[in-house]
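Below, chains carry the letters A, B, ... as their sequence lines are ordered, and counting in each starts from 1.
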Protein chains: 2
Amino acid sequence: MAKRVSHKESLCGVARPLDAIGDWWSLLIVRDAFDGLRRFGEFQKSLGLAKNILSARLRNLLAHGIIETVPAPDGGPYQEYVLTEKGRGLFPLLVALRQWGEDFFFEPDEAHVLLVDKKAGLPVRRLELRAQDGRIVGAKDTFVRLPPTSPETE
Amino acid sequence: MAKRVSHKESLCGVARPLDAIGDWWSLLIVRDAFDGLRRFGEFQKSLGLAKNILSARLRNLLAHGIIETVPAPDGGPYQEYVLTEKGRGLFPLLVALRQWGEDFFFEPDEAHVLLVDKKAGLPVRRLELRAQDGRIVGAKDTFVRLPPTSPETE
DNA sequence: GAGGGTGGTTTTAGTTTGAAACCAACGTCT
DNA sequence: AGACGTTGGTTTCAAACTAAAACCACCCTC
């Protein structure tokens with residue numbers, strides 16, 4: 001992992017995360033972790049990927065502090081993989097990915113799973129991006145700006 | 001592209017999008033497109049990637065209907081690449097990625113670009129996921145559920 | 001103490017990536 | 001007209017990465 005970070009040492013706020021989870025499997029592992037999976041074998045069975053790849057991905061996610069190992073689940077000799085706070089911070093991204101997928105990758109009549117609010121038992125709303133005053137804003141309503149002093153590249 | 005879609009023909013709502021944009025560069029291209037870049041050379045200069053790779057990525061994004069080519073910008077003999085509606089639908093995902101990056105990939109004092117609401121000139125709020133009744137919900141407050149009838153795998 | 005489940009690592013082949021070179025079309029200067 | 005630069009790619013080829021399968025080690029049970 002740790003792909004070419006060559007031409008720009010200080011990656012922008014979009015590129016840095018991609019260096020950590022920018023491959024096909026990592027996000028699926030994180031999603032499964034959100035779904036409660038914890039064990040190597042559970043991930044492997046759920047995702048159907050080769051064990052060496054899963055091993056490498058888990059190592060990478062560990063190295064990035066997205067998951068961590070907890071030594072013993074309930075006495076068993078094995079470790080489990082659980083999301084860190086950083087990993088749990090990926091929830092909105094997963095929701096965004098899921099909603100985009102639902103919008104554009106399914107036939108109108110094609111059934112797909114729904115993200116449901118536990119308390120009400122109803123599907124959640126769409127992700128909302130709001131301005132400080134509460135207006136919902138889209139891409140056209142925003143731009144990126146460097147803060148006062150910044151050698152940042154974006 | 002079109003990686004292993006072998007062991008499951010009908011990918012879930014998270015995996016399908018990853019098949020379209022689940023590589024390091026594609027999302028960065030889309031972000032640059034949101035920033036107004038349109039020309040091959042602009043993307044290449046901005047991202048610093050090899051031209052063959054850019055060519056392949058653009059082809060892939062075209063094939064997935066995320067960008068499209070428009071024949072002439074203003075008479076020039078070249079084409080430009082612009083986001084389709086599907087591509088513009090990636091905006092929340094990019095915001096989620098950016099916010100996660102800001103949260104966990106920058107030192108507290110490290111400067112980074114901000115996403116600013118044009119109208120007010122202030123940074124936008126965090127992405128919000130709300131239940132139907134307006135409560136903001138997080139990962140712990142939700143679960144995924146299959147709709148009534150569904151052979152979907154997730 | 002043989003067999004089976006879990007959690008990996010190693011081996012090896014196939015695929016992808018990417019830098020550099022090449023190429024073609026067009027504009028432009030002289 | 002013809003040399004030359006710019007744009008937008010494609011081709012070549014070596015290096016890196018991916019992944020299937022085999023292997024291994026540990027523990028448990030019978």
Side-chain angles (χ1 to χ4, degrees), chain A residues 1-9 11 15 18-29 32-33 36-64 67-82, chain B residues 1-9 11 15 18-29 32-33 36-64 67-82:
Chain A
M1 202 55 51
K3 310 203 169 192
R4 93 260 75 204
V5 190
S6 43
H7 79 291
K8 265 311 165 194
E9 257 32 48
L11 292 162
L18 285 177
D19 206 45
I21 50 147
D23 70 285
W24 218 83
W25 290 118
S26 295
L27 261 189
L28 292 175
I29 292 171
D32 274 357
L37 271 56
R38 305 165 68 95
R39 300 283 288 261
F40 187 95
E42 290 178 323
F43 290 113
Q44 210 239 320
K45 181 148 155 288
S46 163
L47 298 172
L49 81 175
K51 294 198 288 182
N52 56 343
I53 304 300
L54 176 56
S55 182
R57 288 296 169 279
L58 289 174
R59 247 197 316 271
N60 186 48
L61 292 172
L62 282 168
H64 279 95
I67 58 175
E68 61 189 348
T69 51
V70 300
D74 51 347
Y78 305 121
Q79 59 196 351
E80 299 191 337
Y81 302 91
V82 298
Chain B
M1 201 54 49
K3 309 204 169 192
R4 95 260 74 202
V5 190
S6 43
H7 77 293
K8 265 311 166 192
E9 257 33 47
L11 292 163
L18 285 176
D19 206 43
I21 49 147
D23 70 285
W24 217 83
W25 290 117
S26 296
L27 261 188
L28 291 175
I29 293 172
D32 275 357
L37 271 55
R38 305 164 70 95
R39 300 282 288 262
F40 187 94
E42 290 178 323
F43 290 114
Q44 210 239 317
K45 182 148 154 290
S46 163
L47 298 172
L49 82 176
K51 294 198 288 184
N52 55 345
I53 304 300
L54 176 57
S55 182
R57 288 297 170 279
L58 289 173
R59 249 197 315 272
N60 186 47
L61 291 172
L62 282 168
H64 278 95
I67 59 176
E68 61 190 348
T69 53
V70 300
D74 50 348
Y78 305 122
Q79 59 195 350
E80 299 192 336
Y81 302 91
V82 299

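Here the P atom of nucleotide D/dA19 and the CG atom of A/L54 are 12 Å apart, to the nearest Å. Look at OH on A/Y81: it is 8 Å from P on C/dG7, rounded to the nearest Å. Atom CG of B/L49 is separated from atom P of D/dG9 by 13 Å (rounded to the nearest Å). Whole-Å rounding puts the A/E42 CD to C/dT6 C1' distance at 12 Å. Atom CD1 of A/I53 and atom C1' of C/dT12 are 13 Å apart (whole Å). Atom CD1 of B/I29 is separated from atom P of D/dG9 by 12 Å (rounded to the nearest Å). The NZ-C1' distance, from A/K45 to C/dT6, rounds to 13 Å in whole Å. Atom CG in B/L47 sits roughly 16 Å away from atom C1' in C/dT17 (whole-Å rounding).
Rounding to the nearest 0.5 Å places CZ of A/R59 at 10.0 Å from CG of A/L54. From A/L58, atom CG reaches atom CD1 of A/I67 across 4.5 Å, with rounding to the nearest 0.5 Å.
Taking only side-chain nitrogens and oxygens, B/R59 comes nearer than 4.0 Å to OP1 or OP2 of D/dT10. The phosphate of D/dG8 (OP1 or OP2) has a side-chain N or O of B/R39 nearer than 4.0 angstrom. For C/dT17, the OP1/OP2 oxygens have no side-chain nitrogen or oxygen of B/W25 closer than 4.0 Å. Under 4.0 angstrom from either OP1 or OP2 of C/dG8 there lies no side-chain N or O belonging to A/S55. Between B/Q44 and D/dT7 there is no side-chain polar atom (N or O) within less than 4.0 angstrom of OP1 or OP2.
Minimum atom distance to the side chain of B/N52 is reached by D/dT11, of the listed D/dT11, D/dG9, D/dA19. Taking every side-chain heavy atom of A/F40 into account, C/dG8 is the closest of C/dG8, D/dG8, C/dT17.
Under the side-chain contact (heavy atoms from CB on, under 4.5 Å) criterion, B/A63 pairs with no residue, sequence neighbours left out.
For A/Q44 (side chain) and A/F40 (main-chain N/O), no donor-acceptor pair under 3.5 Å exists by modelled atom type.
At the heavy-atom level, A/F43 lies nowhere under 4.0 Å from the strands shown.
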*Stepwise side chain to side chain contact (heavy atoms under 4.5 Å, CB included) check, B/K45 with B/L37*: CA-CA 10 Å; B/K45 182 148 154 290; B/L37 271 55; over 6 Å; no
*Check step by step if side chain to side chain contact (heavy atoms under 4.5 Å, CB included) holds for B/I21 and B/H64.*
CA-CA 9 Å; B/I21 49 147; B/H64 278 95; over 6 Å; no
I'd like a list of close polar pairs between nucleotides 23-25 of chain D and the protein, N/O only, cut-off under 3.5 Å.
none

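The two residues B/A20 and B/S26 make their nearest non-hydrogen contact at O-OG, 4.4 Å.
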